[in-house]
Amino acid sequence: MAVLDQLTSQQAIDLENKYGAHNYHPLPVVLSRGEGVYVWDVEGKKYYDFLSAYSAVNQGHCHPKIVGAMTNQAQTLTLTSRAFYNDMLGKYEKFATEYFGFDKLLPMNTGAEAVETALKLCRKWAYEVKGIDENEAEIVVCENNFHGRTTTIISFSNDPVARKNFGPYTKGFIKIEYDNLNALEDALQNNPNVAGFLVEPIQGEAGVYVPSEDYLTKAKAICEKYNVLFIADEVQTGIARTGRLLATCGNCDCTDKNCSSEPEVKPDVLILGKALSGGAYPVSAVLANDNIMNVIKPGNHGSTFGGNPIAAAVAIAALEVVRDEKLAENAFELGNLFRSELNKYIETSSIVNLVRGKGLLNAIVINDDEESETAWNICLKLRDNGLLAKPTHGNIIRFAPPLVITKEQLLDCVSIITKTLKEFED
Ligand SMILES: *Cc1c(COP(=O)(O)O)cnc(C)c1O
């Protein structure tokens, strides 16, 4: 077999099993092509993608405008490192800071790197602006958080699988219950060493937990009261996924009528990744205003690939697509439709307890215990019926299609999902 021969699905799976580290447990399907909301496996079977690479592919697979910007830049200049200037990074930084309403952007590649960057930024701000004694700063995080896989980030995870035998852990984090304002106030009020509060506007990996409607605004107010930075990890919720440009949506110059109906909060530090590139390239960023970002000086932080010209060109195109194609509005409207259609089904279902979510970030909770195989088996059947999704935690299945999905496609998917679930009703 030559290296680039076309493989069968089984051959591709066998190769990964034999030669790749076993750090994932993929659904058995081998994809070789994508376009819009669709992906195809190596045997040519077509599927709706209802994971969107964990919300990285909000703009749809292989969006021609994003691919065009990428290939064009790839033929011109790919990487200079930040040892020199390049003629794309400044344009991108101006575009993205205006787009999201912040003074400055620090470019990185992956979500975890951007979270690390935000934590370092927060600590340095704590010592140099807030005046906390050196090495005493603490950052408040939430139980069941997911912020990535680095040593520091897993240090404040409470997922035993992600943590066990990776110690010793990084100190300086305090864990509180999510969606609990009293716990936040308690953590901040008698502790002058708290520098920041790191939070997901919706806990995606934990199972799409949407907090109470006033949680984020009130949490921000509590942070302000104690001079603590409110750090929003919008790696998964950002870039139109939840029906608004950002789930926090502070000062995003929203053309988007849905914003007015819900409370907005402007984070002090905003973390983006995933759909910042439309899934075409690893691009992440931390945004903040000058009073915070200016603590970072040459040599304090960096990345060889962060801010490279391809990333800059791709991110500009990806953000233009979100605006031009009104993806936030589409996610808002079709998200409401999706939940109301599924709720009709759930009324008479014994296998599904509920659907929850915002915009097109949704999940159903299967009526079975967390250790059961039911959600996994449902995902296998969904695959057979032409739709790809994956359980998050045991009995929870996340549904997050590309935001370019049309109403007709969404209704088609609702019927695939309900037809599949019916096979599991007893
Ligand atoms: C995916 C994700 C990350 C990590 O991003 P990577 O690119 O996988 O490092 C961080 N935070 C949240 C909320 C995420 O969903």
Side-chain angles (χ1 to χ4, degrees), residues 21 23-26 50-58 106-122 139 141-159 161-163 166 170 173 175 178-179 196-211 215-216 230-242 246-248 267 269-287 303 305-308 311 314-315 318 357-363 389-393 396 398-400 403:
N23 59 327
Y24 278 89
H25 178 42
F50 257 53
L51 184 64
S52 305
Y54 301 96
S55 296
V57 193
N58 288 1
L106 199 162
M108 297 298 284
N109 311 287
T110 66
E113 279 178 310
V115 172
E116 288 275 350
T117 303
L119 297 173
K120 287 175 73 178
L121 176 64
C122 178
I139 295 175
V141 300
C142 293
E143 274 158 22
N144 302 321
N145 66 71
F146 182 84
H147 297 287
R149 302 300 203 157
T150 64
T151 313
T152 288
I153 292 171
I154 58 111
S155 293
F156 57 82
S157 162
N158 56 318
D159 175 356
V161 181
R163 264 175 74 86
F166 292 117
T170 309
F173 298 94
K175 230 175 287 148
Y178 188 64
D179 196 20
F197 174 49
L198 171 65
V199 65
E200 298 160 83
I202 292 172
Q203 287 193 324
E205 294 310 299
V208 190
Y209 285 101
V210 182
Y215 176 61
L216 297 171
F230 183 92
I231 307 168
D233 181 348
E234 293 235 30
V235 170
Q236 186 159 164
T237 54
I239 330 269
R241 172 53 60 187
T242 67
L246 299 172
T248 49
V269 179
L270 172 67
I271 305 168
L272 297 174
K274 294 197 169 113
L276 187 51
S277 73
Y281 202 77
V283 184
S284 68
V286 173
L287 292 107
S303 153
F305 281 86
N308 72 75
V314 165
K358 225 177 207 183
L360 284 172
L361 180 59
N362 294 291
K390 217 182 159 206
T392 53
H393 269 103
I396 301 169
R398 172 175 29 202
F399 289 128
L403 309 183

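Counting begins at 1 with the first residue of the sequence. Atoms within each ligand, like the ligands themselves, are counted from 1 in listed order.
The atoms of ligand 1 that sit less than 4.0 Å from any heavy atom of Gly111 are 4 (C), 5 (O), 6 (P), 7 (O), 9 (O). Remark: ligand 1 atoms within the under-4.0 Å shell around heavy atoms of Gln236 are 15 (O).
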Run the numbers on Glu113 and Ser284 for side chain to side chain donor-acceptor pair (under 3.5 Å), then give the verdict. CA-CA 8 Å; Glu113 279 178 310; Ser284 68; 4.8 Å; no
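When only interatomic distances are considered, the shortest N/O to N/O separation between Glu113 and ligand 1 does not fall below 3.5 Å. Considering both main-chain and side-chain atoms, Val235 never comes within under 3.5 Å of ligand 1 through any nitrogen or oxygen pair. Ligand 1 has a nitrogen or oxygen under 3.5 angstrom from a nitrogen or oxygen of Asp233.
Under a 3.5 Å cut-off, the side chain of Asp233 and the backbone N or O of Val115 do not form any donor-acceptor pair.
With respect to atom 4 (C) of ligand 1, the closest heavy atom belonging to the protein is Ala112 N, 3.6 Å. Nearest to atom 2 (C) of ligand 1 among the protein's heavy atoms is Lys274 NZ, 2.5 Å.
Ring geometry, Tyr215 versus Phe197: the interplanar angle exceeds 60°, so the pair is classed perpendicular (tilted spans 30 to 60°). A tilted orientation is assigned to the rings of Phe156 and His147, their planes being inclined by 30° to 60°.
When non-hydrogen atoms are compared, ligand 1 lies under 4.0 Å from neither the backbone nor the side chain of Tyr54. Neither the backbone nor the side chain of Glu234 has any atom closer than 4.0 Å to an atom of ligand 1 (non-hydrogen atoms only).
The nearest protein heavy atom to atom 7 (O) of ligand 1 is closer than 4.0 Å.
Contact annotation: the side chain of Lys358 never approaches that of Val208 to less than 4.5 Å [non-hydrogen atoms, C-beta and beyond].
More than 12 heavy-atom neighbours from other residues, nucleotides or ligands sit within 6.0 angstrom of OH on Tyr281.
Partner of Leu276 under the side chain to side chain contact (heavy atoms under 4.5 Å, CB included) criterion, out of Val283, Asn58, Val314: Val283 alone.
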